[in-house]
Number of protein chains: 2
Amino acid sequence: MPLTAKQGQLLKELKRCKGELSGQDLHARLRKGSRPMGLATVYRHLRQLQQLGEVRCRHLPSGEALYAPAERDEHHLTCVDCGSTTTLESCPVHSVHLDAGQLGGFRPLFHTLEFFGLCGECQQRHQGAAG
Amino acid sequence: MPLTAKQGQLLKELKRCKGELSGQDLHARLRKGSRPMGLATVYRHLRQLQQLGEVRCRHLPSGEALYAPAERDEHHLTCVDCGSTTTLESCPVHSVHLDAGQLGGFRPLFHTLEFFGLCGECQQRHQGAAG
DNA sequence: TTGAGAATGATAATGGTTATCACAAGTTGT
DNA sequence: ACAACTTGTGATAACCATTATCATTCTCAA
Ligand SMILES: [Mn+2]
Ligand SMILES: [Mn+2]
Ligand SMILES: [Zn+2]
Ligand SMILES: [Zn+2]
C-alpha cells in the first residue's frame, strides 16, 4: 500500500523539518510552496499517516498536537510551569518488550514518553514563596 | 505547603474515582455535590496540582485531557483508528534512571508513556481493503 | 472595623480540530 | 468518447475544551 501523492508530499515536508510541527504549521508551510494543500487535507492525511505508522504525534500541555516522522524516536522533559521543553538524548524504553498477554492482539505503531516537572528556572522562581 | 481546601476537595474527588477524568467531567461531578466549584476554578487547580506533582494528565488522540492522581502509575494501549484504550498491568519505565546530565536541573514530577497502534478489531476491519 | 490582596466563578473569547458539502479528479464499463 | 460511479479535495462553518476577563466574595492582619 504505497502512499498517495499528497500523503507523500506531506510526509516529505515533515521529514525535511528538523523539529516537530503542528497541523497549522504544516499547513502554513505547504500553502507557501507550489502545490498548496488545504487545511482539511492536512489533518486528514496526518491521521491516515498515523494509522499507517508513518507519523507520530504528541500533545503539549497547551493541548496543541505536534507531529513528526514516527522513525524519530525522541522524547522530552517538559516544564509544567513555563512549558519549556528539552529533548532527551536517547529513548529509555527503546528495548521494552510487551508480551503477547498484555498486547492482546494490539499492534503497536509508535509510543510517546514524556517527563513533566519543573525546570531549573521555575524551581528558583518559586523558592522564595514555597520554601 | 499543604493544599488549600478547594484543592483538597478536587484531589479527593479525583482519587475517589476509579478512572481518569476530564476537566469537564470533574466539574460536572463537583457541581452536583454540596460545595460546588466553578469551571474556571477546576481548571486552575488542576494546573496547580500538576505543578505540585499531585496530579498527572495525558491527552487522548482526540485532544481531550484526562487527569488522575499522579500516584497512579498507569499507561495505555490506544488504537489510532477507533480510539479504544486498554490499561497496561505495570509501568515499563518504573525503574528508568535519568542521569543528572540529561536532567540539567530539571525536577521530574510525573511521566506519561502511551503506546499507539491498531487494536485487533481494527486490524481485521482493514484486512480486506489494505491486504 | 477596615483595607489590601487573594480566591472565586459566571461569562465571553480563543483557537485548534473536525464536520459539511459542493466540486474536481479519477475509474470503470459500454 | 461518454456516462455513471467512486474517491479525493478544500473553503467554510460548526464544535467544544480550555483560557482570559473581571466583578464579586473571602481572608486576615493591622
Ligand atoms: Mn521512544
Ligand atoms: Mn509509569
Ligand atoms: Zn519552567
Ligand atoms: Zn481500534
Side-chain angles (χ1 to χ4, degrees), chain A residues 1-11 13-14 20-52 55-68 78 80-83 116 126 128-130, chain B residues 1-11 13-14 20-52 55-68 78 80-83 116 126 128-130:
Chain A
M1 188 195 205
L3 301 184
T4 68
K6 279 253 158 63
Q7 285 174 340
Q9 180 192 354
L10 198 157
L11 185 56
E13 183 63 32
L14 251 191
E20 299 163 301
L21 294 179
S22 69
Q24 303 284 343
D25 291 339
L26 217 34
H27 177 233
R29 284 171 178 270
L30 291 170
R31 126 169 323 200
K32 285 175 189 168
S34 70
R35 208 166 318 286
M37 194 183 301
L39 183 60
T41 303
V42 169
Y43 280 108
R44 247 195 304 263
H45 286 153
L46 280 175
R47 198 181 322 135
Q48 292 170 358
L49 288 171
Q50 267 190 93
Q51 295 177 4
L52 293 171
V55 162
R56 66 170 174 77
C57 137
R58 71 173 178 120
H59 285 86
L60 295 180
S62 69
E64 191 178 25
L66 295 182
Y67 299 86
T78 301
V80 291
D81 190 349
C82 69
F116 296 90
H126 293 327
Chain B
M1 188 195 206
L3 301 184
T4 69
K6 279 253 156 60
Q7 286 175 338
Q9 179 192 355
L10 198 159
L11 185 56
E13 184 63 31
L14 251 191
E20 299 163 301
L21 295 178
S22 70
Q24 302 285 344
D25 291 340
L26 216 35
H27 177 233
R29 282 169 179 273
L30 291 170
R31 124 169 323 200
K32 285 176 188 169
S34 67
R35 209 165 317 286
M37 193 184 302
L39 183 61
T41 304
V42 169
Y43 280 107
R44 249 194 303 263
H45 285 152
L46 280 174
R47 198 182 323 134
Q48 291 170 0
L49 288 170
Q50 268 190 92
Q51 296 178 2
L52 293 171
V55 163
R56 68 170 171 78
C57 137
R58 71 174 178 120
H59 285 87
L60 294 180
S62 68
E64 189 178 28
L66 295 183
Y67 299 86
T78 301
V80 292
D81 189 350
C82 69
F116 297 90
H126 292 327

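Every chain is numbered from 1 and lettered A, B, ... according to where its sequence line falls, protein lines coming before strand lines.
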Which distance, rounded to the nearest 0.5 Å, do you find between the OH of A:Tyr43 and the CG of A:Leu26?
9.0 Å

Tell me every residue that passes side-chain contact (heavy atoms from CB on, under 4.5 Å) with B:Asp25, counting only those two or more places apart in sequence or in another chain.
B:Leu21, B:Ser22

Note: contacts of residues 41-50 of chain A with DNA chain D (heavy atom, under 4.0 Å) are A:Thr41, A:Arg44, A:His45

By ring-ring contact (aromatic ring centres under 6.0 Å, His included), which residues pair with B:His59, not counting sequence neighbours?
A:His59

Could you list the residues that satisfy side chain to side chain donor-acceptor pair (under 3.5 Å) with A:Arg44, not counting sequence neighbours?
A:Thr41

Sub-4.0 Å heavy-atom contacts from residues 23-37 of chain B onto DNA chain C, ordered by number:
B:Pro36, B:Met37

With sequence neighbours left out, write down each residue that passes side chain to side chain donor-acceptor pair (under 3.5 Å) with B:Glu13, or none if nothing qualifies.
B:Arg16

Only pairs under 3.5 Å count here: list side-chain donor-acceptor contacts from residues 29-37 of chain B, not counting sequence neighbours, and write none if there are none.
none

Shoot me the first and last contacting nucleotide of DNA chain C against chain A, ordered 5' to 3', at under 4.0 angstrom to non-hydrogen atoms.
C:dG16 to C:dA19

Suppose we screen for side-chain contact (heavy atoms from CB on, under 4.5 Å). Which residues come up paired with A:Glu20, at least two apart in sequence or across chains?
A:Arg56, A:Arg58, A:Leu66, A:Ala68, A:His76

Under the side chain to side chain donor-acceptor pair (under 3.5 Å) test, which residues partner B:Gln48, sequence neighbours left out?
B:Gln7

Can you tell me the distance, in whole Å, between the CD atom of A:Gln7 and the P atom of D:dT7?
15 Å

Using the ring-ring contact (aromatic ring centres under 6.0 Å, His included) criterion, which residues pair with B:Phe116? Sequence neighbours excluded.
A:Phe110

Looking at residues at least two apart in the chain, or sitting in another chain, which of them share a side-chain contact (heavy atoms from CB on, under 4.5 Å) with B:Ser62?
B:Leu60, B:Glu64

Whole angstrom is fine here: how far is it from CG in B:Leu39 over to P in D:dT21?
16 Å

